[in-house]
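To start, the structure itself, in structure tokens.
Note that the structure is predicted; figures quoted are calculated from it, not measured. The sequence lines fix the lettering, A, B, ..., with proteins before strands; numbering per chain opens at 1. All values below come from the heavy atoms of this structure, side chains included, with hydrogens, waters and symmetry mates left out.
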There are 2 protein chains.
Amino acid sequence: MDSDYTLEQTPATRRRNKVREAILAAAERMFAKEGESGLSIRRLAEEIDYSPSAIYKYFGSKEELLEELKDSFFERLLEQVDRVSATSMNFHDRARACVTTYVSTATARPHHYAAAFSSIPTREELAARRQLSWDDFLATPKGQAFKILVDLVEEGQGLGVFDPALEPVKTAKSIWASSHGLALLMIHMPLLPDVQPCPTQTDGDFVAYHADIVMRGLAVPADLPHKNGTRS
Amino acid sequence: MDSDYTLEQTPATRRRNKVREAILAAAERMFAKEGESGLSIRRLAEEIDYSPSAIYKYFGSKEELLEELKDSFFERLLEQVDRVSATSMNFHDRARACVTTYVSTATARPHHYAAAFSSIPTREELAARRQLSWDDFLATPKGQAFKILVDLVEEGQGLGVFDPALEPVKTAKSIWASSHGLALLMIHMPLLPDVQPCPTQTDGDFVAYHADIVMRGLAVPADLPHKNGTRS
DNA sequence: TATTTTAGTGAACACTGTTCACTTTTCGAA
DNA sequence: TTCGAAAAGTGAACAGTGTTCACTAAAATA
């Protein structure tokens, strides 16, 4: 019933969507280049030859517009990781690829990724959102990305390559933190890797290096027997 | 020679420093509570009963003032970690404590820590700063914090508890990324740990959990001999 | 065709950081 | 102590921001 309406849109709504997309496209362009501070409603309006107040017929506020940019970016990011996680690679490579894909996609649009994690909730907001359930979280793009990690940990434990003593949810959060941190470190301190004495190294190399260390942290400890294996 | 001058300051400069400190104190208070957006020069001036233009006799710009807030925070952060790294704890506990201290200090002042990593350099800035040498970086607070990690890795390798195949500098960056990521994740998504089905867990517990996984990632691999051991 | 809804505008409001001519205060040397 | 210079502090203004609202023009509907 809804798709009927959206398929045969009236020219009015089609025009409207076109303008809306034009706004988003221009906003995307400006934001990707100059970030949140470089995206001004007035400059944006000038860019698409509209008056500033016209923007408010399509978006309730600048924050709302930004929210849409960030959300659609994070959905693309989730898509990338999801695609990799469904690959037929062997487990180790697949797990590492999830991390490297996440970091690469994040650093490819630094302003987007940083902005997606830029809000610091106040105590009141925190108290209000405390009602959000686990299931509500899993419905969000960030929740889905998180779920991929939880599944990955559980799969690794099932295969006997990850320590069975690890709690999947906590461990997924640990992996996320490590990936998140590398992405933001590369975004905010991009010349940190180049500053070291080995100039031949590229960014991608280090991401793989980091992903490898992260995965090694989840392995079955040396003083524990492997699954079905015996200790020397 | 310098301390002589600072000890017998003329009343003029002492007064000046007092005003300067008052500005910083008010700015610190406002920034800690409401972040960068909540700190306005005009409100700040009103807070200390001065005119907005008076601020500019003490700080060249708002950004310069903010820079001072961030820098002094990061120096405090560095102090904390430095103190812990010089403890007489055994190596494992000390290494973990470095990470947990870093994360706890960071999350204790969320706006400060986030702001300390908020700038995204443009391509031009990046080309300009590329001249900065490794030694220049080590002179900065961030560089010193980084150095602590490099030393820690090398110490662990010397003790035979960290994989000798690891490159200390790259590995230090990996540890930093993991710690950085957890700090920012806790700052920007503070209810992520509580949302999971085990409500008894506190933030501090998870930081330790994460620090443990990070350290495990640096251990000598299971299929490698320990120090002075032989390979099968 | 008449009416109502929608698209779009321009002027205004309340902010912001910043500058600058200007006054007042303070300090050091004659 | 007095005088001139330097420093401290101010108010008004500039350019910019997000946002609102009464208003017009155009399109959709009856």
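Side-chain nitrogen and oxygen atoms of B/S40 include at least one within less than 4.0 Å of the OP1 or OP2 phosphate oxygen of C/dT16. When the side-chain nitrogen and oxygen atoms of A/R15 are compared with OP1 and OP2 of C/dA7, none of them lie within a distance under 4.0 Å. Dashed line: the shortest gap from a side-chain N or O of B/Y56 to OP1 or OP2 of D/dT10 is not under 4.0 Å.
Taken from OH in A/Y58 to CD in A/E68, the straight-line distance is 13.5 Å, to the nearest 0.5 Å. Between B/E125 atom CD and A/L191 atom CG the span is 10.5 Å, to the nearest 0.5 Å.
Atom NZ of B/K18 and atom C1' of D/dA8 are 17 Å apart (whole Å). Going from atom CG of A/L44 over to atom P of D/dG16 covers 17 Å, rounded to whole Å. The distance between atom NZ of B/K62 and atom P of C/dG17, rounded to the nearest whole Å, is 5 Å. A/R20 places its CZ atom 17 Å from the C1' atom of C/dG8, with the value rounded to the nearest Å. The CD1 atom of B/I48 sits 9 Å away from the P atom of D/dT10 (whole-angstrom rounding). To the nearest angstrom, C1' of D/dT17 lies 12 Å from CZ of A/R43. Whole-Å rounding puts the B/D49 CG to D/dG11 C1' distance at 16 Å. Nucleotide C/dT5 holds its C1' atom 12 Å from the CZ atom of A/R16, rounded to whole Å.
Of all heavy-atom pairs spanning B/E75 and B/P141, the tightest one is CG-CG, 4.0 Å.
Residue order along DNA chain D, read from the 5' end via each residue's closest nucleotide, puts B/Y50 first among B/Y50 and A/L39.
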Between protein and nucleotides 21-25 of chain C, what N or O pairs are separated by less than 3.5 Å?
none

Could you write out each protein N or O paired with an N or O of nucleotides 12-14 of chain D at a distance under 3.5 Å?
residue: D/dA13; atom: N6; partner: B/R42; partner atom: NH2; Å: 3.4

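Counting non-hydrogen atoms under 4.0 angstrom, B/Y58 reaches the backbone sugars and phosphates but no base. Across all strands, B/L65 comes closer than 4.0 Å to no nucleic acid atom at all (heavy-atom distances).
A cation-pi arrangement is absent between B/K70 and B/F31, since the terminal nitrogen or guanidinium carbon is not both under 6.0 Å from the aromatic centre and inside a 45° cone about the axis.
Remark: side-chain polar atoms of A/K62 are paired, donor with acceptor, to backbone N or O of A/L39 under 3.5 angstrom.
Of the listed residues (B/R42, B/K33, B/R29), just one forms a salt bridge (charged side-chain N to carboxylate O under 4.0 Å, His left out) with B/E47, and that residue is B/R29.
In this structure, B/F146 and B/W176 have tilted ring planes: the angle between them lies in the 30° to 60° band.
For the pair B/R109 and B/E28, the salt-bridge criterion is met [side-chain N within less than 4.0 Å of a carboxylate O].
Using a 4.5 Å cut-off on side-chain heavy atoms (C-beta onward), B/V81 and B/L149 make no contact.
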